[in-house]
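For reference, the structure discussed in these notes is given below.
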Number of protein chains: 2
Amino acid sequence: MKEGPDIALLGSLIGDPARANMLTALMSGKALTASELAAEAGVTLQTASSHLKKLETSELLRQRKQGRHRYFSLADDDVGAVLEALMGLAAKRGLVRTRTGPKDPALRKARVCYNHLAGELGVQMFDSLQARNLVSGDADHVALTRAGENFAVEFGIELENLKKSRRPVCKPCLDWSARRNHLAGSLGTAMLSRIHDLGWAKRLDDSRIVAFSQAGEAAFLKAFPI
Amino acid sequence: MKEGPDIALLGSLIGDPARANMLTALMSGKALTASELAAEAGVTLQTASSHLKKLETSELLRQRKQGRHRYFSLADDDVGAVLEALMGLAAKRGLVRTRTGPKDPALRKARVCYNHLAGELGVQMFDSLQARNLVSGDADHVALTRAGENFAVEFGIELENLKKSRRPVCKPCLDWSARRNHLAGSLGTAMLSRIHDLGWAKRLDDSRIVAFSQAGEAAFLKAFPI
DNA sequence: TTCATAGTTCGACGTTAACCGAACTATTCT
DNA sequence: AGAATAGTTCGGTTAACGTCGAACTATGAA
């Protein structure tokens, strides 16, 4: 990463294999943690941290803290466009690489994110709530609407109790497999708990997988339609 | 220039300051000799030779021998497009050389992008063609409509000749200053050439600036209205 | 032929930056 | 509170690559 004019700096940033691997991984659109990116690049966490710092200070990446995780994603569409162009040129030159395979499909579908539901079903729940105007707000700040409060109570959530706590009721949480948001906060926890109580799903030991039964998934999809 | 997958190799090639300077110089569209490129990069001839070899074997540059001179130029339009995109990103990140002279606004307005017109006027030309349904297609794939073909011929383009070549007639190219597209491909080259022939603009030496005369700009704006 | 210009190849040097171990902070789980 | 997980910072080592001097090839001019 030498000193240099204009495009040289960008080129050297992209030119390091470890950083190139990270950027390529982030081209999926997902936000990834430092550890995941380290694994993706095949370097230790310390080395990855150093790379990520450089990529962030040069505004190729942006970071969002979430608990003890740091989620990295491409800074904006322009970065993606440039990488896409580079990959296209590389492909034409016959320099393509075979990318690594997908991860555990069950984890992808539904899993616990600390204390709330994540994965495809978690994202779908959040999308459904938003589409029906049961929650409102932008990507960083979410709240239940009046209709949403009624819905929650009908679903079996003791909403008044949640409100008493200092912990935020609604919070968006960036998803691990999809890059979309899902529902965190005390409501997120309560929803997952209620899903267990209803017998829709069970937690598997030694895993973050949330295993829905057939009937449970059907009921879930009916309760949270797209 | 480390070993590495896909984009890392390209990145490291562009990432060296000397090579970046060479590539930038070649973005003017002119073919330059090894000595000229060495001077441009601020290195000795031996060093330049080494760089040029790398750029050539990775097919970013091509070489034509002419007597005891070797003329280098960008390998194809794709290389130019990638460099243009990188320059745009660098500009947005404020990583551009601080040497912003009086040239800067002129460059923004109209410049050569390898072999076709870029800058505000380049974007306007493309927008105008699109708005009047003379070209059609999405961001990645563009083509002349029937009306567009007539327009091109009337403008003085020998369209039949262009069609014979394997090179694409119409291609979009992402702009450096605006983030919009402008027209590349053999038609883009021909249009710029025609603009010169009409006397609307002249190329300045040692620069990518396309200098329109007052009358030339007026005629251009009339030919490509928004 | 002889000289000059254009460019390549080789070898050695020096700078740079990626890398990891170890120690440190921060957040969460029990 | 204590253990565990996630990530950062620091320092020293190592390997890579750009750089140039010198010697070499090739084309053109006198």
Side-chain angles (χ1 to χ4, degrees), chain A residues 1-5 8-9 11-23 31-58 61-72 112-116 118 167 171 173-174 176 184-186 188-189 203 205-208, chain B residues 1-5 8-9 11-23 31-58 61 63-72:
Chain A
M1 212 186 78
K2 271 193 175 175
E3 284 288 319
L9 183 55
S12 61
L13 282 167
I14 301 171
D16 178 76
R19 287 193 289 263
N21 281 328
M22 293 175 172
L23 292 169
L32 299 174
T33 66
S35 305
E36 289 167 330
L37 289 168
E40 200 75 42
V43 295
T44 62
L45 188 53
Q46 318 111 17
T47 304
S49 179
S50 159
H51 286 309
L52 290 170
K53 190 179 182 182
K54 285 172 189 171
L55 290 172
E56 200 190 350
T57 57
S58 49
L61 257 47
R62 54 190 261 269
Q63 195 194 65
R64 267 179 295 179
K65 293 170 103 169
Q66 193 131 153
R68 59 178 159 184
H69 293 274
R70 280 164 150 78
Y71 281 91
F72 291 88
V112 174
C113 179
Y114 296 145
N115 44 27
H116 55 268
R167 189 175 161 208
K171 247 177 79 176
C173 180
L174 196 59
W176 176 82
S186 62
T189 306
R203 279 220 45 187
D205 282 350
D206 286 337
S207 160
R208 296 171 61 190
Chain B
M1 212 186 79
K2 273 191 172 174
E3 281 290 319
L9 182 56
S12 61
L13 283 167
I14 302 170
D16 177 76
R19 287 193 290 262
N21 282 327
M22 293 175 171
L23 292 169
L32 300 173
T33 66
S35 304
E36 289 168 328
L37 288 168
E40 199 74 41
V43 294
T44 63
L45 187 53
Q46 318 110 13
T47 304
S49 177
S50 159
H51 287 309
L52 290 170
K53 188 178 184 182
K54 285 171 187 171
L55 290 172
E56 199 189 353
T57 57
S58 49
L61 258 47
Q63 195 193 77
R64 268 174 297 180
K65 292 171 104 167
Q66 199 144 119
R68 60 177 160 181
H69 292 275
R70 280 165 151 78
Y71 283 92
F72 292 88

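Any value given below was found using the heavy atoms of this structure, including those in side chains, with hydrogens, waters and symmetry copies removed. In what follows, chains are A, B, ... by sequence order, proteins preceding strands, each numbered from 1. Since we're looking at a predicted model, the values are computed, not measured.
- With D:dG7, C:dT8, D:dG18 as the candidates, the nucleotide lying closest to the side chain of B:K54 is D:dG18.
- Neither OP1 nor OP2 of D:dG18 sits under 4.0 Å from any side-chain N or O of B:S50.
- Taking side-chain N and O atoms only, B:R70 has no distance below 4.0 Å to OP1 or OP2 of D:dA26.
- Rounded to a whole Å, the CZ atom of B:R64 is 18 Å from the P atom of D:dT27.
- Contact annotation: A:R19 reaches the phosphate of C:dA18 (side-chain N/O to OP1 or OP2, under 4.0 Å).
- Listed nucleotides: C:dG7, D:dT19, D:dT8. Nearest to the side chain of A:A34: D:dT8.
- Between A:H51 and C:dC19 there is a side-chain N or O to OP1 or OP2 distance below 4.0 Å.
- OP1 or OP2 of C:dT9 sits under 4.0 Å from a side-chain N or O of B:K53.
- Residues B:A31 and B:Y71 share a closest heavy-atom pair of O-CD2, 3.6 Å.
- The separation between B:M22 atom CE and D:dT19 atom C1' is 12 Å, rounded to whole Å.
- Of the two residues contacting DNA chain C, namely A:T44 and A:K65, the nearest-nucleotide position lying further toward the 5' end is that of A:T44.
- Side-chain N or O atoms of A:R70 include none that pairs as donor or acceptor with a backbone N or O of A:A34 at under 3.5 Å.
- Nearest nucleotide to the side chain of B:H69, out of D:dG18, C:dA6, D:dT8: C:dA6.
- In this structure, CZ of B:F72 is placed 14 Å from P of C:dA6, rounded to the nearest angstrom.
- Judged purely by atom type and a 3.5 angstrom limit, B:R19 has no side-chain atom pairing as donor or acceptor with the backbone of A:A8.
- Not one N or O on the side chain of B:S49 forms a donor-acceptor pair closer than 3.5 Å with the backbone of B:L45.
- The distance from atom CG of A:L32 to atom C1' of D:dG7 is 15 Å, rounded to the nearest whole Å.
- Of the candidates D:dT5, D:dG7, C:dT8, D:dT5 carries the atom nearest the A:R68 side chain, counting heavy atoms from C-beta on.
- When rounded to the nearest whole Å, the span between CG of B:L45 and C1' of D:dT19 equals 13 Å.
- Among the nucleotides D:dT19, C:dA18, C:dC20, the one closest to any side-chain atom of A:T47 is C:dC20.
- Within 4.0 Å (heavy atoms only), A:A18 reaches sugar-phosphate atoms of the nucleic acid but no base atom.
- The CG-P distance, from A:L13 to C:dT16, rounds to 17 Å in whole Å.
- Separating the CG atom of A:D16 from the P atom of C:dT16 is a distance of 17 Å, rounded to the nearest angstrom.
- The side-chain contact (heavy atoms from CB on, under 4.5 Å) test with B:L23 is passed by exactly one of B:I14, B:L13, B:L37: B:I14.
- Rounded to whole angstrom, the span from the CD atom of B:Q46 across to the P atom of D:dT19 amounts to 11 Å.
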